[in-house]
Amino acid sequence: MAGNITLTMIKPEAMRNNVAGGILKMIQDEGFKIIALKMKQLSLAEAEEFYAVHKERPFYDELVKFMTSGPIMAAVLQKENAVENFRNLLGSTNPETAGEGTIRKAYATNLTKNAAHGSDSDENAQLETSFHFSEKEIFG
Ligand code: ATP
Ligand code: MG
């Protein structure tokens, strides 16, 4: 399966703004198949683990606080070259520079509250999928 899945999280502000449906529609319209989906609220420990790679960055505390501030939707998306294709659909991290037609251009609020997450490598897609889903919860 390596190479054809990616993990996304619809972030708390997008959930609060009630745009999860719009984001999932953009994902499906782009040809991604949703093979796993759940709504959950990350604990502090879970958010710290998920973002451990950013631990030394100045925005880490703000990021963890934000990501635990309400429920998220986690999903596994399947498409050829899923990681790169989904990051293209997401747009740049800072929504001010995100291109037309991207999820972040359409729905992000700012650099922290940027609507959705996307895995950055096939290896991390696998790790992040295992972080959120058991095998029985994935319908690939
Ligand atoms: P994501 O991992 O959420 O898909 P990304 O890969 O585009 O985003 P990363 O560098 O992995 O960006 O950063 C993770 C998240 O941390 C970003 O989505 C953003 O919410 C936040 N972040 C990144 N850089 C900054 C910054 N300079 N100031 C504030 N928040 C930031
Ligand atoms: Mg990232």
Side-chain angles (χ1 to χ4, degrees):
M1 202 149 76
N4 71 349
I5 63 159
T6 191
L7 184 287
T8 187
M9 293 187 290
I10 298 174
K11 297 188 178 185
E13 112 277 11
M15 297 294 289
R16 278 192 282 274
N17 291 340
N18 213 20
V19 297
I23 293 173
L24 292 175
K25 177 160 170 52
M26 287 180 79
I27 288 169
Q28 291 182 312
D29 286 349
E30 203 61 30
F32 292 90
K33 191 175 168 199
I34 298 167
I35 61 169
L37 178 68
K38 72 168 64 162
M39 188 166 160
K40 68 182 285 189
Q41 185 155 2
L42 293 174
S43 68
L44 188 61
E46 285 174 323
E48 285 176 348
E49 184 187 341
F50 192 92
Y51 285 109
V53 62
H54 294 309
K55 203 170 174 39
E56 305 307 326
R57 308 280 286 277
F59 57 84
Y60 178 74
D61 287 347
E62 184 187 359
L63 176 62
V64 165
K65 188 174 171 207
F66 165 59
M67 288 302 293
T68 57
S69 68
I72 57 131
M73 238 178 234
V76 182
L77 310 178
Q78 188 177 60
K79 188 183 178 176
E80 82 288 344
N81 202 13
V83 166
E84 186 184 351
N85 279 323
F86 185 64
R87 288 185 71 87
N88 288 339
L89 179 61
L90 260 183
S92 58
T93 309
N94 187 342
E96 282 178 26
T97 57
E100 287 299 331
T102 65
I103 289 170
R104 284 170 170 162
K105 176 75 178 182
Y107 294 118
T109 305
N110 58 40
L111 186 50
T112 302
K113 299 175 178 172
N114 60 3
H117 162 85
S119 307
D120 61 10
S121 67
D122 289 340
E123 187 188 358
N124 283 336
Q126 296 289 337
L127 290 171
E128 292 172 6
T129 294
S130 304
F131 180 92
H132 283 293
F133 297 97
S134 68
E135 275 186 34
K136 284 169 81 173
E137 294 175 313
I138 302 167
F139 299 88

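Remember, it's 1-based here, ligands and their atoms both numbered in the order they're listed.
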Measure the spacing between CG of Asn114 and OG1 of Thr109 and express it to the nearest 0.5 Å.
-> 9.0 Å

Does Ser43 offer a backbone N or O that forms a donor-acceptor pair with the side chain of Glu46 under 3.5 Å?
-> yes

How close does the nearest protein non-hydrogen atom get to atom 1 (P) of ligand 1, and which residue and atom is it?
-> His117 ND1, 3.2 Å

Contact atoms of ligand 1, heavy-atom distance to Asn114 under 4.0 Å | 17 (C), 18 (O), 19 (C), 20 (O)

Give a yes/no verdict on whether any heavy atom in Lys11 is under 4.0 Å from an atom of ligand 1.
-> yes

Given side chains that start at C-beta, do those of Met67 and Phe50 come closer than 4.5 Å, heavy atoms only?
-> no

Check if Asp120 has a non-hydrogen atom at a distance under 4.0 Å from any atom of ligand 1.
-> no

Look at atom 30 (N) of ligand 1 and say which protein heavy atom is nearest, naming residue and atom and giving the distance to 0.1 Å.
-> Thr112 OG1, 3.5 Å

When you measure from atom 4 (O) of ligand 1 to every protein heavy atom, which one gives the shortest distance, and what is it?
-> Gly118 N, 2.9 Å

for atom 19 (C) of ligand 1, nearest protein heavy atom and its distance come out as Leu111 O, 3.1 Å

Residue, atom name and distance, where the atom is the protein heavy atom closest to atom 7 (O) of ligand 1 | Thr93 OG1, 2.5 Å

Pick from Arg104, His54, Met9: the one approaching atom 9 (P) of ligand 1 most closely through a non-hydrogen atom | His54

Minimum non-hydrogen distance to atom 29 (C) of ligand 1, winning option of Phe50, Phe59, Phe86 = Phe59

Over 12 foreign heavy atoms within 6.0 Å of NZ, Lys79 | yes

Specify the closest pair of heavy atoms between Leu7 and Met9, including all atoms of both residues, with the distance to one decimal.
-> CD1-CG, 4.0 Å

For Leu37 and Phe133, which heavy atoms make the closest approach, and how far apart are they?
-> N-CE2, 3.7 Å

Do side-chain atoms of Thr8 reach the backbone of His117 as a donor and acceptor pair under 3.5 angstrom?
-> yes

Side-chain heavy-atom pair Ile72, Lys40 within 4.5 angstrom cut-off = yes

Answer yes or no: does an N/O atom from Arg87 fall short of 3.5 Å to an N/O atom of ligand 1?
-> yes

